[in-house]
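One structure is given here, and the rest of the page talks about it.
Side chains included, hydrogens not; waters and symmetry mates left out as well; all remaining heavy atoms used. Each chain gets a letter, A, B and so on, in the order its sequence line appears, and its residues count up from 1.
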Protein chains: 2
Amino acid sequence: MTNEVKESFTSDAPPAPAALAAKVRTLAPSMTRSMQRVAEAVAGDPAGCAALTVTGLAELTGTSEATVVRTARLLGYPGYRDLRLALAGLAAQQQSGRAPAVTADIAVDDPVADVVAKLAYDEQQTLADTAAGLDTVQLGAAVTALATARRVDIYGVGASGLVAQDLAQKLLRIGLIAHAHSDPHLAVTNAVQLRSGDVAIAITHSGSTGDVIEPLRVAFDHGATTVAITGRPDGPVTQYADHVLTTSTARESELRPAAMSSRTSQLLVVDCLFTCVTQRTYETAAPALAASYEALAHRHSPRTR
Amino acid sequence: MTNEVKESFTSDAPPAPAALAAKVRTLAPSMTRSMQRVAEAVAGDPAGCAALTVTGLAELTGTSEATVVRTARLLGYPGYRDLRLALAGLAAQQQSGRAPAVTADIAVDDPVADVVAKLAYDEQQTLADTAAGLDTVQLGAAVTALATARRVDIYGVGASGLVAQDLAQKLLRIGLIAHAHSDPHLAVTNAVQLRSGDVAIAITHSGSTGDVIEPLRVAFDHGATTVAITGRPDGPVTQYADHVLTTSTARESELRPAAMSSRTSQLLVVDCLFTCVTQRTYETAAPALAASYEALAHRHSPRTR
DNA sequence: CACCCGCCCGAAAGTATCTTTCAGGTGTGA
DNA sequence: TCACACCTGAAAGATACTTTCGGGCGGGTG
């Protein structure tokens with residue numbers, strides 16, 4: 001997928017974009033010795049030269065400022081200043097060009113910067129996968145149930161427990177009665193209270209976490225609308241789920257536990273649920289959101305700057 | 001060859017590469033009106049601005065040269081000259097890169113599928129911004145502190161509280177003694193126990209959440225190594241932080257609360273911390289991870305009915 | 001071989017651009 | 001209302017870039 005610019009490099013074109021190395025080679029024969037040294041340095045290390053001032057580059061190449069400027073002119077720029085800008089652009093381009101190392105697995109001896117890049121890339125990938133795999137019909141159905149729910153109970157343990165709490169926090173903000181349960185016993189005890197018109201949501205990556213399935217089953221048996229957010233749409237949990245929202249499952253490794261990407265995926269689903277419910281109940285949700293925002297403002301110290 | 005005195009006027013921030021748009025958003029709140037105008041112009045049209053001189057950009061934004069230089073400084077560059085170079089690089093990058101893929105804000109009447117796509121895209125963007133803006137030196141320092149920590153306390157309230165818990169859960173899994181505090185009183189009471197060799201981490205998007213700053217201050221005063229994960233690197237919280245990890249700030253709107261993207265950003269930072277610490281303490285972390293994984297396996301019901 | 005001519009080359013003067021200083025103005029809190 | 005802090009731009013000051021100009025090197029010629 002290369003899209004090349006059609007700047008002719010032979011004629012007196014406006015500032016050249018990235019075909020600089022080629023231009024240097026083309027024009028080299030018509031250059032004097034000193035100018036060739038400058039051109040060579042520029043073509044060899046664009047990034048390094050971009051950091052240098054005229055004087056710096058002159059010293060580096062053992063020439064004078066005048067020669068540097070002359071070279072810049074010959075290459076088609078109005079002066080050194082513009083050559084330098086082009087150089088910076090070129091450097092940035094070939095900098096971003098080499099980044100395929102990202103796809104590799106995270107190694108024990110990866111430098112910090114690589115870890116950051118790889119993790120970010122992975123989570124981006126997870127998001128894309130999740131969005132692509134999310135069934136909007138199921139999502140819409142879940143949203144409808146939530147929008148009219150009398151009460152919402154959310155079950156999740158471990159890492160999924162945090163996602164459950166996140167969803168509960170959000171739903172509370174728009175005026176819904178939502179509660180997240182991490183304690184399996186309490187969850188079941190509460191599930192008994194649910195009835196038709198209520199919503200129960202189970203969040204489990206494996207789809208087979210008994211502590212989460214059990215309360216969902218109880219809620220299901222009591223007539224509540226049940227939703228499962230899971231990475232295993234064929235897992236046991238879906239038996240008791242009216243609507244199933246599938247999260248993506250990324251490859252994992254020792255330094256990249258499954259909990260990481262499953263959490264990312266679950267959160268996206270949760271955000272989608274929340275946003276859609278907010279849309280659906282906008283009349284009541286908007287003021288509630290504004291109010292909660294306002295209430296929080298006072299918890300921040302006024303000294304901002 | 002060049003002997004330049006290194007003026008470290010703030011602390012971190014070597015010239016930023018391409019995380020400029022993100023940086024502008026992050027620092028916008030701490031900018032004055034005029035500087036915001038300049039920053040906006042720069043972020044909006046990097047290529048155009050790269051072609052302008054100080055005077056030109058000052059005229060374009062209706063400000064003065066001094067303000068332009070001040071803005072460049074705030075963005076982390078030694079002066080306008082360097083900002084301009086970075087701008088040229090950025091322009092070249094997004095020229096060769098893909099289309100800007102502008103995303104409209106989420107509307108009240110967007111269909112479900114659109115909401116999913118927009119949210120996914122937004123969170124991906126947030127991840128990219130965060131990764132680009134993350135100071136790997138600060139991150140490395142924080143990792144070093146964590147890897148040798150006797151004890152780790154993590155403070156966070158509200159949405160950030162969940163992130164704090166996530167980090168605590170993860171660190172516990174690799175054998176560290178970590179605890180997340182959501183209760184400000186208990187947090188302070190515990191912070192008193194910290195001393196040199198311990199690590200305290202405060203997570204707050206606004207950077208000015210008193211409930212989180214206070215325990216960090218106490219920990220700081222008692223000699224613990226302190227880390228702040230915040231979207232406002234100039235906020236009050238950083239006063240008591242030995243290391244600051246900056247999360248990105250995405251634009252927000254009514255249907256896209258700040259809590260959403262800040263959480264995504266914070267989680268990436270947390271994942272980076274965790275992964276790097278795991279690397280650093282691989283000898284002890286790997287068996288611990290394996291053990292916790294093993295322990296959880298029994299909580300799943302492989303036998304489906 | 002010596003001389004002349006052209007042209008490359010760098011030092012230094014000249015100019016544009018960037019940076020700093022400083023005083024006026026504006027909004028904010030008491 | 002006043003005082004204060006802080007933003008803001010004009011102008012001076014510093015730096016980086018460009019131009020000029022004369023020396024010097026090489027090649028061709030007598």
Side-chain angles (χ1 to χ4, degrees), chain A residues 15 27-42 48-88 297-298 300-305, chain B residues 1-10 13 15 24 27-42 48-88 208 234-236:
Chain A
L27 270 49
S30 66
M31 286 183 185
T32 68
R33 261 187 312 280
S34 313
M35 288 168 85
Q36 278 183 14
R37 280 216 301 285
V38 175
E40 200 175 316
V42 159
C49 292
L52 265 54
T53 152
V54 203
T55 316
L57 186 53
E59 275 181 15
L60 178 71
T61 58
T63 63
S64 68
E65 288 105 321
T67 302
V68 172
V69 172
R70 272 191 284 264
T71 310
R73 289 267 163 74
L74 195 73
L75 289 174
Y77 300 93
Y80 176 68
R81 204 185 306 274
D82 301 77
L83 168 61
R84 200 174 163 187
L85 282 176
L87 240 39
H298 302 302
H300 300 309
S301 33
R303 272 194 51 76
T304 314
R305 256 209 283 288
Chain B
M1 63 199 80
T2 60
N3 46 359
E4 302 177 356
V5 181
K6 183 152 187 289
E7 294 275 1
S8 63
F9 47 96
T10 50
V24 166
L27 295 170
S30 65
M31 286 184 186
T32 66
R33 260 188 313 282
S34 315
M35 288 167 86
Q36 278 182 12
R37 280 216 301 286
V38 176
E40 201 173 315
V42 159
C49 292
L52 267 54
T53 95
V54 205
T55 317
L57 185 53
E59 276 180 15
L60 178 71
T61 58
T63 64
S64 67
E65 289 105 322
T67 302
V68 172
V69 172
R70 272 190 284 263
T71 309
R73 289 266 163 74
L74 195 75
L75 290 175
Y77 301 92
Y80 175 69
R81 203 184 305 276
D82 301 77
L83 169 62
R84 201 175 161 187
L85 282 175
L87 238 41
S208 56
D234 59 342

Rounding to an integer number of Å, can you tell me how far [X] [atom1] sits from [N] [atom2]?
X        : N       : atom1 : atom2 : answer
Leu52(A) : dC17(D) : CG    : C1'   : 14 Å
Leu57(B) : dG9(D)  : CG    : C1'   : 15 Å
Tyr80(B) : dC18(C) : OH    : P     : 6 Å
Met31(B) : dC6(D)  : CE    : C1'   : 17 Å
Tyr77(A) : dT18(D) : OH    : P     : 14 Å
Arg81(A) : dC18(C) : CZ    : C1'   : 9 Å
Glu59(B) : dT8(D)  : CD    : C1'   : 16 Å

Taking only side-chain N and O atoms of Thr53(A), does any of them lie within less than 4.0 angstrom of OP1 or OP2 on dT15(D)?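 So the side chain of Thr53(A) is outside the cut-off, no N or O lying under 4.0 Å from OP1 or OP2 of dT15(D).
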Is any side-chain N or O of Arg73(B) closer than 4.0 Å to OP1 or OP2 of dT19(C)?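 No, because none of the side-chain N or O atoms of Arg73(B) sits under 4.0 Å from OP1 or OP2 of dT19(C).
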Just jot down the side chain to side chain contact (heavy atoms under 4.5 Å, CB included) partners of [X], sequence neighbours excluded, or say none.
X        : answer
Thr63(A) : Ser34(A), Arg37(A), Val38(A), Ala58(A), Thr61(A), Thr67(A), Val68(A)
Ala51(B) : none
Leu74(A) : Leu27(A), Ser30(A), Met31(A), Met35(A)

Letter per nucleotide, 5' to 3', of nucleotides 8-14 of chain C [B base touched, S only sugar-phosphate touched, - untouched; heavy atoms, 4.0 Å]: SBBB---
So, the side chain of Arg84(A) versus the backbone of Leu52(A): is there a donor-acceptor pair under 3.5 Å, distance only?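 Yes; at least one donor-acceptor contact below 3.5 Å.
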Please pick, from dT20(C), dC18(C), dC17(D), the nucleotide with the shortest atom-to-atom distance to any side-chain atom of Arg84(B).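 Between dT20(C), dC18(C), dC17(D), the one nearest the side chain of Arg84(B) would be dC18(C).
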End-to-end bend of the helix from dC1(C)-dG30(D) to dA30(C)-dT1(D) (five-pair axes, 10° rounding)?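 Here the local axes at opposite ends form an angle of 10°.
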Drop me the distance from Arg73(A)'s CZ to Leu83(A)'s CG, to the nearest 0.5 angstrom.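 It is 11.5 Å, given to the nearest 0.5 Å.
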Working to the nearest 0.5 angstrom, can you tell me the gap between Thr53(A) OG1 and Glu65(A) CD?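 Reported to 0.5 Å precision, the distance equals 7.5 Å.
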Worked check of side chain to side chain contact (heavy atoms under 4.5 Å, CB included) between Leu85(B) and Arg81(B): CA-CA 7 Å; Leu85(B) 282 175; Arg81(B) 203 184 305 276; 5.5 Å; no
